[in-house]
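Worksheet: the structure to be examined is printed underneath.
Residue numbers start from 1 in every chain, and the chains themselves are labelled A, B, ... in the order their sequence lines are given, proteins ahead of strands.
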Amino acid sequence: MQMVTSHIESDGAETNMNLYEWEAKRIFADWGISVPQSIRITREEELSKVNFDFPLTIKCQVLSGGRGKAGGIQFAKDLKEAQSLVGKLMAMTIGGSKTESLLIEPKVAIKHEMYLSVTMDRARGCPVYIAAKEGGIEIESNKSIITEPIPYPFQPYVARNLAKKMGLSGALLNKVASIAERLYKLFDQLDLDLAEINPLVITQSDEVIALDGKIIVNDDALGRQKMFDGWQEKHMADLPERERKAKKQGLNLVELDGNIGIICNGAGLTMATMDMVKNFGGNPGNFLDAGGGSDQEKTLAAIELVNENPNVKVILLNILGGITACDEVAHALVEFMKKNPKRSMVVRLRGNNQDKAEKMLADSGLKLFPDLENAVKEAVSKSKVAV
Amino acid sequence: MQMVTSHIESDGAETNMNLYEWEAKRIFADWGISVPQSIRITREEELSKVNFDFPLTIKCQVLSGGRGKAGGIQFAKDLKEAQSLVGKLMAMTIGGSKTESLLIEPKVAIKHEMYLSVTMDRARGCPVYIAAKEGGIEIESNKSIITEPIPYPFQPYVARNLAKKMGLSGALLNKVASIAERLYKLFDQLDLDLAEINPLVITQSDEVIALDGKIIVNDDALGRQKMFDGWQEKHMADLPERERKAKKQGLNLVELDGNIGIICNGAGLTMATMDMVKNFGGNPGNFLDAGGGSDQEKTLAAIELVNENPNVKVILLNILGGITACDEVAHALVEFMKKNPKRSMVVRLRGNNQDKAEKMLADSGLKLFPDLENAVKEAVSKSKVAV
Amino acid sequence: MIFVNKNTKVLVQGATGKMGAAHTKRMIAYGTQVVGGVTPGKGGTLVPDTKIKVYDTVKEAKDATGATCSVLFVPPYLALDAGVEAIEAGISLLVVITEGIPPQDTAKLVSYARLKGIRMIGPNCPGVITPGETLLGILPGMIFKPGPVGMVSRSGTLTYEIALALTDADQGQSTCVGIGGDPVKGMEYPEVLTAFNNDNDTEVIVLIGEIGGNAEEEAAQFVKQNVNKPVVAYIAGQTAPPGKRMGHAGAIISGGKGTAESKMQAMREAGIEVALTPSEVAEKVKKLRTQLVKK
Amino acid sequence: MIFVNKNTKVLVQGATGKMGAAHTKRMIAYGTQVVGGVTPGKGGTLVPDTKIKVYDTVKEAKDATGATCSVLFVPPYLALDAGVEAIEAGISLLVVITEGIPPQDTAKLVSYARLKGIRMIGPNCPGVITPGETLLGILPGMIFKPGPVGMVSRSGTLTYEIALALTDADQGQSTCVGIGGDPVKGMEYPEVLTAFNNDNDTEVIVLIGEIGGNAEEEAAQFVKQNVNKPVVAYIAGQTAPPGKRMGHAGAIISGGKGTAESKMQAMREAGIEVALTPSEVAEKVKKLRTQLVKK
């Protein structure tokens with residue numbers, strides 16, 4: 001049996017809240033989708049809680065993919081073998097993600113593996129089932145893959161149409177349709193970006209169960225999904241420290257390996273500024289979108305975050321004031337420069353209240369660029385000066 | 001303050017499951033609609049549980065309307081007064097409905113009374129809000145009454161449009177809209193025929209609360225509304241014994257005061273048969289619709305039920321076999337006549353397997369009428385013969 | 001004839017259930033072009049005692065057979081789903097026989113049908129028959145015969161009684177539509193009346209109503225304004241007591257409204273002949289047709 | 001100009017919130033015919049610092065003012081409800097500025113809009129401006145000027161940057177539509193491209209895209225087949241690392257798909273001029289217009 005760890009990449013997969021397998025399976029069970037019996041442990045002694053038959057499957061609980069290939073899934077034919085595995089597996093870091101715990105299940109006797117997920121289809125503008133009767137291989141390159149858009153309001157026949165399209169029949173068609181119905185309902189009710197069962201297996205006793213599960217919760221919905229209150233912190237454990245900090249402040253930071261810290265308002269403009277820095281021979285040290293309507297406080301927080309990155313030699317602040325007023329940004333700059341008078345900065349300010357901002361910054365020693373290209377060129381040149 | 005007991009009559013109000021006020025209010029509270037504090041008691045000693053201020057409102061819990069006018073709602077300014085009322089109220093029977101318990105609440109300081117309900121609009125074919133800004137009077141003759149159809153899928157703006165149409169504004173508009181939103185949701189989720197708040201009051205402290213509530217659950221949905229499992233028996237307490245028995249057997253019996261017991265398959269035909277009996281000078285003793293697809297067992301149960309009614313002198317069985325096969329009916333008849341050879345019966349049988357049925361009944365001594373009018377005339381004439 | 005004829009291709013949803021299977025056989029015996037059954041998980045089998053193929057989904061069945069109508073025999077709590085499935089698969093006439101569907105589900109199904117402009121008959125109805133051509137539902141075919149009388153009714157067996165009286169009096173029927181006894185339903189009287197009024201095969205219309213609601217009053221108003229063929233009406237429940245539900249969920253006199261008297265009054269005011277017994281319906285139809293011939 | 005002009009009557013839903021009020025004032029200052037605000041419970045008041053009446057419901061506001069468009073500034077979890085309210089009240093263009101709407105809600109709102117055939121721009125978008133005529137949303141009006149360049153973009157501030165470059169180069173704009181950065185949205189490129197292609201005031205189209213999804217690839221295909229006006233494209237995120245979400249929920253390179261390179265390639269293959277900087281967009285537009293004059 002080949003364990004499958006690949007999955008459909010959902011939009012925003014890397015920043016929206018990714019759940020551990022054991023959490024996903026608890027949710028599946030709550031919604032009536034069968035999962036194997038299991039216990040979750042972090043220490044060897046807890047193996048005494050195993051109340052099902054050997055052999056066991058022991059799986060590292062990590063947020064990253066590629067677990068199977070990395071050796072994060074092992075089998076134990078008896079207690080002794082299990083004991084010898086616990087410590088090793090708990091110590092593993094897979095794809096930058098530390099093992100949080102181990103999920104222990106009886107090794108399931110598999111007759112057949114399938115794939116089933118619900119995600120949002122950006123092209124169609126609605127949720128979509130993605131499924132394959134033949135699972136067990138890399139799903140993105142799977143030729144038997146089929147999709148079925150899910151209209152609103154939902155009725156269960158859509159799940160039956162899916163099962164039919166998968167090529168199923170008889171009792172199996174009804175079982176898979178029932179699981180697909182539940183999977184959509186939890187996807188919808190819990191505001192998920194992805195609800196994935198891979199593999200969905202038919203056991204030797206003809207049950208259909210979710211052998212592995214992946215759930216990604218949409219961040220924008222966390223304010224109304226009370227069951228996930230307090231979960232976010234824990235699920236950001238694998239993020240670099242400053243990116244985590246940014247997220248908590250509502251800023252969008254992606255750290256890169258260059259030395260020009262880039263702060264803009266608006267994602268498109270931030271990317272465009274990065275692109276220009278690169279085109280003019282510079283090297284972006286980060287992407288930081290301070291958001292469309294960022295005020296003084298948020299702008300200051302953004303500058304300070306980038307300032308903390310030791311690789312950054314020069315900060316390029318590019319604000320085109322639409323919602324963001326230039327004077328709010330100027331306030332933040334004045335405050336920051338008071339504390340960090342030696343920080344090398346290039347500031348491009350244009351738009352709403354540009355005059356006010358210019359006046360406020362007149363004594364700061366900062367040269368203001370109304371034109372983006374000139375600002376970028378200046379930042380690139382400053383980044384190349386030896387400190 | 002005038003207590004209001006009238007309500008919108010919903011289709012099937014008298015046979016679908018009508019809840020007690022205290023049950024309706026618990027459901028309202030579960031769905032986030034404010035109701036007064038309360039305790040429910042059946043004995044004087046339980047008054048010690050009152051943990052709110054006097055004066056109290058003490059209300060008989062009955063399934064019928066007209067409670068206020070009948071004296072089933074009383075006020076008590078102190079414990080002594082309350083004690084003297086409990087026994088009296090518990091002994092009351094209102095509109096044929098025995099007092100099941102007493103609901104005790106603090107007497108609410110009312111600023112204004114309104115009316116709000118959700119029911120099914122048969123003409124529009126969808127649920128509808130019925131509301132009035134000025135409640136406190138007989139709602140069916142209320143001129144300020146407005147309606148607002150509820151499209152599917154529901155969005156809360158419909159409740160705001162209702163509140164606006166009621167003439168509300170400011171915070172009150174939002175409060176009533178929020179209650180209306182919850183009321184629709186519980187109406188939909190619990191498969192109700194009626195969810196009614198009468199009166200919906202604005203208190204002196206500007207809260208909006210449900211002071212009285214009426215809920216009718218649709219019988220057809222009881223199989224999927226697990227929260228009502230086992231409730232039906234208790235809520236049929238006010239039905240005459242044989243009607244209750246019929247309901248449990250899936251038969252529809254309405255007892256009348258004549259002496260011709262009428263059993264047909266299909267509601268329309270049963271009514272038409274009743275009408276003909278009356279037109280030809282007879283007097284129907286009951287309406288019993290055995291249903292379109294009734295088999296031997298059900299037909300027998302139907303005949304036996306009517307046979308139990310001491311007022312019935314002759315039973316008129318009118319079966320036009322479409323779904324119902326005549327031979328199934330004949331089986332039931334043979335069985336019944338064995339036990340009750342002297343029962344005066346007129347049988348009209350026509351339709352599917354009529355030949356078979358005729359053969360089976362050849363020896364029974366029963367005369368079979370293929371024509372309805374002749375059968376009715378025979379039954380009327382038999383009903384006038386002195387026993 | 002309206003809505004259906006001998007070329008109508010019909011699917012039966014729930015064809016493998018006890019009732020669905022029995023009536024599929026009866027429909028086939030009558031001559032109905034039943035081209036497929038639908039039962040999820042039973043695809044590939046045959047409807048018991050027939051040569052009719054069963055499909056797992058309506059989409060598959062429709063693609064394979066070109067059916068345009070579907071008759072629903074599925075259990076009440078599955079009817080909404082099955083009905084929407086048929087509508088979304090492109091069925092243009094839905095006949096819902098199922099009894100006991102919770103009204104919330106019916107209302108949702110009706111909203112889908114209206115949105116897509118689909119004809120939906122029922123629920124809790126006997127179906128529709130064009131005598132000598134086709135039968136969709138559970139009406140007993142043998143009591144009908146072809147002719148010029150259009151019938152529309154909220155009732156089941158009462159309709160059969162009146163059809164029998166008509167047939168016995170040699171007044172055959174163009175089409176008979178049982179719209180069903182539930183308060184919320186897909187098709188109301190006006191849609192059927194309009195179709196009969198435009199139908200060359202229909203000379204006289206028989207409208208069968210019962211107590212409860214005000215559909216008959218509205219139908220009377222509609223006839224007055226839009227129907228130029230003669231109409232004979234029969235209203236059941238003239239002797240029903242108020243406040244009691246008479247079998248049908250819709251048959252109740254509420255707060256003094258929905259009485260047979262009010263309905264008969266409205267009918268008479270609209271120029272409709274009101275009969276008091278099934279046999280009187282046949283007599284009046286016969287008389288009206290004689291008058292038509294004279295004109 | 002497309003979609004909106006100086007005669008367009010506009011409602012603002014959420015006009016009494018901080019952002020809604022600020023931008024209502026700015027829209028009025030630009031010349032937009034804002035005819036009413038909508039905030040439940042605030043009916044009868046005025047939008048702060050304006051003479052614009054606030055209504056409790058869209059229905060009331062529409063009946064009173066004859067508005068045909070609505071701009072949404074309501075909080076994210078209320079946007080679905082507010083959007084459907086506008087659609088059901090008969091609004092024909094919905095501009096959803098709100099950021100952070102859960103995708104499930106957006107998908108439902110989009111399904112309503114499609115069902116009713118309503119134009120919906122956004123969510124998470126800057127809105128639409130027809131320079132010199134009207135402004136619906138949060139775009140900074142002062143950087144635009146009237147002219148023959150039609151702009152359509154998934155981005156906000158980047159659009160302003162490019163508008164600025166165009167304006168600085170004396171290449172004014174017919175209309176600029178910001179379709180928003182979320183993966184699920186009401187209006188996609190083709191709808192805007194079609195409108196520009198049919199618009200007499202538009203000579204050249206500027207299409208601004210970014211990494212993530214395949215909307216730009218599809219737009220390129222659409223341009224090739226359906227657009228006969230010259231198009232200049234700019235794609236942001238040429239140096240973005242894979243697997244990281246760049247601000248917008250939609251801006252992520254997933255599994256090697258959605259790269260700027262793939263998009264630029266598709267554009268070039270469709271005969272679209274691809275610019276690498278905002279100022280290059282302006283240069284290319286200028287050059288193309290000179291060529292058009294020569295023809």
Could you label the plane-to-plane angle of the B/Y129 and B/F154 rings as parallel, tilted or perpendicular, counting under 30° as parallel and over 60° as perpendicular? perpendicular

Below 4.0 angstrom, N of the basic side chain to O of the carboxylate: do C/R154 and C/E216 qualify? yes

Could you tell me if C/Q173 and C/T167 have a donor-acceptor pair between their side chains, going purely by distance under 3.5 Å? yes

Regarding B/D193 and B/N218, do their side chains bring together a donor and an acceptor under 3.5 Å, going by distance alone? yes

Under 4.5 Å from any heavy atom of chain B, what part of [X] do you find: side chain, backbone, both or neither?
| X | result |
| --- | --- |
| C/S279 | both |
| C/S155 | side chain |
| C/P126 | neither |
| C/P103 | both |
| C/I235 | backbone |
| C/I101 | backbone |

Quick one: do B/T299 and B/E328 satisfy side-chain hydrogen bond (donor to acceptor under 3.5 Å, both in side chains)? Show the steps, please. CA-CA 8 Å; B/T299 309; B/E328 293 259 355; over 6 Å; no

Quick check on the interface: out of C/T277, C/I143, C/L164, who has the most heavy-atom pairs with chain B under 4.5 Å? C/L164

Choice from B/M271, B/M274, B/R124 maximising heavy atom contacts with chain C below 4.5 Å: B/M271

Of all of B/V254, B/T273, B/L222, B/L253, which one pairs up most often with chain C through heavy atoms under 4.5 Å apart? B/V254

C/L80 and C/D105: which non-hydrogen atoms are nearest, and at how many Å? CD1-O, 3.7 Å

